[in-house]
Number of protein chains: 2
Amino acid sequence: MATLMDVAHAAGVSKATASRALHRPDMVAEGTRLRVREAADRLGFQLNAAARALTTGRTGLVGLIVPTLSNPFFAPLVIGAQQAAEDTESHLLIAVSEYDAEREAALADRLSEQADGLIMVTPVGTDAALRERFRRQPLVLVDRQVGRLPAVVADTAAGLAELLGRLLDLGHREIAYVSGPAGSWADAQRRAALTAQASEAGAHVHVLGPLPPTFDAGIEASRSLPAAATAVLAYNSYLALGLLHGLGTTGRRVPEDISLAAADDLSTLGATTPPVTALDVPLQQVGRLAVTRLHELLDGQRRTVTSRVPAAPVLRASTAPPRVS
Amino acid sequence: MATLMDVAHAAGVSKATASRALHRPDMVAEGTRLRVREAADRLGFQLNAAARALTTGRTGLVGLIVPTLSNPFFAPLVIGAQQAAEDTESHLLIAVSEYDAEREAALADRLSEQADGLIMVTPVGTDAALRERFRRQPLVLVDRQVGRLPAVVADTAAGLAELLGRLLDLGHREIAYVSGPAGSWADAQRRAALTAQASEAGAHVHVLGPLPPTFDAGIEASRSLPAAATAVLAYNSYLALGLLHGLGTTGRRVPEDISLAAADDLSTLGATTPPVTALDVPLQQVGRLAVTRLHELLDGQRRTVTSRVPAAPVLRASTAPPRVS
DNA sequence: TTGTATGCGTTATCAT
DNA sequence: ATGATAACGCATACAA
């Protein structure tokens with residue numbers, strides 16, 4: 001592989017000039033810039049990332065830790081992060097924690113050796129550990145808020161509140177919320193938002209769970225819904241699909257007998273019978289923003305704020321006025 | 001951050017000895033090894049990856065390019081690759097090509113600057129381009145064979161043939177195959193394997209498509225199945241789910257009126273009504289193997305062979321003998 | 001505008 | 001078994 005030295009030689013300039021011609025175009029005469037560029041192209045020159053990293057102290061690598069990839073929910077997050085990384089000439093170093101706090105910590109330790117900073121979507125695990133980690137390295141949290149640590153969160157709580165509002169408008173007063181994994185930060189936010197708003201409106205939210213966010217758990221949940229409930233909100237699409245399935249097998253029709261909605265929107269929700277009302281969570285934007293925030297952090301712009309990205313309800317056929325009984 | 005020099009100083013030895021104490025335990029006296037280790041721990045020393053890469057010529061990074069993450073099908077691949085990477089002290093640099101050959105090439109170029117080698121799962125794109133890339137950098141292909149390039153493939157063609165065998169045993173003679181994306185290497189393999197085996201058994205395979213591997217396309221396909229077909233095989237789970245749905249709405253019962261099976265096995269296939277017979281593709285193992293192969297390549301062990309991982313049918317309630325009419 | 005020289009943190013070579 | 005020292009390839013402070 002050709003080195004900068006080779007390029008400099010071929011162009012008849014010094015290493016320093018060659019380096020500047022490539023990275024500081026305005027610090028060099030137009031003519032030499034062209035000659036260097038030409039030589040670089042001709043030799044197929046590629047900058048040695050390691051050497052560059054050694055001098056600049058930047059690797060150009062962004063560490064991203066997600067709990068799972070088995071849930072397509074996270075795909076847009078990765079896509080968005082990748083887009084932002086491309087825009088900033090950096091790359092994504094990905095690791096999957098499998099919802100295991102210990103494993104997550106180990107991965108974070110290992111990634112941080114190579115990456116300039118970390119983006120973690122870590123629904124479980126303690127606040128203290130994250131605080132401690134932030135002390136040691138640039139860190140942006142996703143879908144979780146810990147004190148004033150930099151974070152990007154999709155505001156599903158607010159979105160879900162809006163969704164609840166629609167249900168209240170339709171006339172529902174007894175609503176079940178099938179909650180997600182134990183200890184989930186996002187889930188706690190949603191429960192709080194829902195119960196607060198319901199009591200304000202003279203309605204009541206029955207909380208089921210915590211439950212694993214799976215299809216099977218949804219089926220189970222469909223059997224233990226409070227009899228009074230005329231609508232049910234699910235923590236995620238899998239639970240919603242399970243609920244839909246479970247309700248179907250026990251002869252309860254959606255939405256005639258009971259309305260159904262989910263707090264995230266996997267594409268399959270639009271293709272079921274009936275299509276399921278859901279919350280559109282702009283995770284791609286969240287991913288982009290997280291990378292942007294991280295770079296701000298690295299550049300010393302101390303924007304340790306939480307960015308909120310709004311989530312909006314997508315109304316489909318699974319929600320309707322309650323049965324008048 | 002403490003450097004190796006600091007550690008050496010603290011332990012009262014030279015840089016060289018400190019380095020050896022950490023990486024070549026057998027080249028150093030037991031006593032000094034302990035002192036160095038202790039000093040390193042005390043100072044919270046972390047090896048600078050860039051400096052190490054600069055001298056060794058190895059970054060310890062493995063580039064992985066996948067077509068999408070929206071299909072959970074690929075999740076186990078990433079998990080497996082990550083496991084193997086952990087075992088070899090390396091990391092995963094991931095990029096998503098979105099099934100776009102041009103984008104894929106650009107990503108590969110960018111990743112290759114930082115990674116020691118690439119693992120590409122690239123169902124589309126030309127053989128020539130891959131050959132050319134392999135000339136320039138260590139490369140392992142996944143689920144695709146190009147000449148003698150190193151590759152790891154899940155043998156879905158053979159698995160599907162086995163599945164077809166079961167259907168033939170059940171008495172089916174007219175079988176529809178709903179094929180996947182145009183230009184897919186794996187799909188071509190499967191069509192060939194199916195038609196060959198069918199004609200040998202005096203049966204007939206009707207090929208539909210190519211189709212995008214989506215739920216919606218599956219619904220569409222359910223409307224254009226040949227009337228004679230008593231069983232249908234789908235390129236993937238999404239098509240199968242769409243078919244199941246589409247058949248249901250048009251009043252055809254599975255498996256009484258028609259049998260259904262898929263050539264991959266997303267977990268939801270086990271939870272539908274009826275559960276759908278499918279091919280279990282051990283993608284996690286494929287991921288592990290791909291990383292292993294890449295490391296062999298990097299270590300100069302020229303094992304440019306194709307590794308095949310068998311895929312086995314999982315029989316569920318969606319397949320049954322054909323209706324006697 | 002351009003060149004010279006130094007340092008980044010590590011591994012490897014060659015002595016001792 | 002250990003130490004001195006030379007690379008590795010690049011960016012940058014300083015000189016010219």
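Labels below follow one simple rule: chain letters A, B, ... track the order of the sequence lines, proteins then strands, and each chain is numbered from 1.
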*Asks:* What integer distance in Å separates Leu22(A):CG from dT2(C):C1'?
*Replies:* 16 Å

*Asks:* Could you state the atom-to-atom distance from NE2 of His23(A) to P of dT2(C) in whole Å?
*Replies:*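 Checked: the NE2 to P distance equals 16 Å.
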
*Asks:* By the 4.0 Å heavy-atom rule, please label Ala16(B) as base, sugar-phosphate, or nothing.
*Replies:*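 Since a base atom lies under 4.0 Å of Ala16(B), the category is base.
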
*Asks:* Ignoring hydrogens and geometry, is there a side-chain-to-backbone donor-acceptor pair from Asn71(A) to Phe73(A) under 3.5 Å?
*Replies:* yes

*Asks:* Can you tell me if Thr17(A) touches the phosphate of dG3(C), counting only side-chain N or O atoms and a distance under 4.0 Å to OP1 or OP2?
*Replies:*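 Affirmative; the distance criterion is met.
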
*Asks:* Over all strands shown, is Leu54(A) touching base, sugar-phosphate only, or nothing at heavy-atom distances under 4.0 angstrom?
*Replies:*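 Here Leu54(A) touches the bases of the nucleic acid.
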
*Asks:* Whole Å only: how far is the CZ atom of Arg58(B) from the C1' atom of dT10(C)?
*Replies:* 16 Å

*Asks:* Nearest whole Å is fine: how far is dG9(C) C1' from Leu47(B) CG?
*Replies:* 8 Å

*Asks:* Tell me what Arg24(A) touches on the nucleic acid: a base, only sugar-phosphate, or nothing, going by heavy atoms under 4.0 Å.
*Replies:*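 Sugar-phosphate, backbone atoms only, no base.
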
*Asks:* Would a distance-only check, ignoring hydrogens and angles, find a side-chain to backbone donor-acceptor pair under 3.5 Å from Arg35(B) to Ala11(B)?
*Replies:*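 The answer is yes, because a donor-acceptor pair under 3.5 Å joins these two groups.
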
*Asks:* Using atom CG of Leu4(A) as one end and atom C1' of dG3(C) as the other, report the distance to the nearest whole Å.
*Replies:*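 That distance rounds to 14 Å.
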
*Asks:* Start at the 5' end of DNA chain D and walk down; is the nucleotide closest to Ser19(A) or to Arg33(B) reached first?
*Replies:* Arg33(B)

*Asks:* Earliest and latest nucleotide of DNA chain D, 5' to 3', sitting under 4.0 Å from a non-hydrogen atom of chain A?
*Replies:*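 Going 5' to 3' along DNA chain D, contacts run dG9(D) to dA13(D).
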
*Asks:* So if I take every side-chain heavy atom of Thr3(B) and compare against dT1(C), dT10(C), dG3(C), which nucleotide ends up nearest?
*Replies:*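 For Thr3(B), the side-chain atoms sit closest to dT10(C).
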
*Asks:* Is the closest side-chain heavy-atom distance between Asp155(A) and Pro310(A) below 4.5 Å?
*Replies:*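 No; the side chains remain at least 4.5 Å from each other.
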
*Asks:* So, does the side chain of Lys15(B) form a donor-acceptor pair with the base of dT10(C) at under 3.5 Å?
*Replies:*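 Yes, the side chain and the base share a sub-3.5 Å donor-acceptor pair.
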
*Asks:* Might you work through the side-chain hydrogen bond (donor to acceptor under 3.5 Å, both in side chains) test for Gln114(A) and Thr59(A), ending with a clear yes or no?
*Replies:* CA-CA 7 Å; Gln114(A) 306 242 13; Thr59(A) 63; over 6 Å; no

*Asks:* Quick one: does any side-chain atom of Asp116(A) pair with a main-chain N or O of Arg58(A) as donor and acceptor, under 3.5 Å?
*Replies:*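 Side chain of Asp116(A) to backbone of Arg58(A): no pair is present.
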
*Asks:* Check the distance between dT2(C)'s P and Glu30(A)'s CD and give it to me in whole angstrom.
*Replies:*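 Rounded to the whole Å, the gap is 11 Å.
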
*Asks:* Any donor and acceptor pair, going by atom type alone, linking the side chain of Thr56(A) with main-chain N or O of Arg52(A) inside 3.5 Å?
*Replies:*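 Checking the backbone N and O of Arg52(A) against the side chain of Thr56(A), a donor-acceptor pair under 3.5 Å is found.
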
*Asks:* Determine yes or no for a side-chain-to-main-chain donor-acceptor pair under 3.5 angstrom, with Arg288(B) supplying the side chain and Ile79(B) the backbone.
*Replies:*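 It does not hold such a pair.
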
*Asks:* Using whole Å, report how far CE of Met5(B) lies from C1' of dC8(C).
*Replies:*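 So the two atoms are 12 Å apart, to the nearest Å.
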
*Asks:* Quickly work out the Gln46(B) CD to dC8(C) P distance and round it to whole Å.
*Replies:*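 Checked: the CD to P distance equals 19 Å.
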
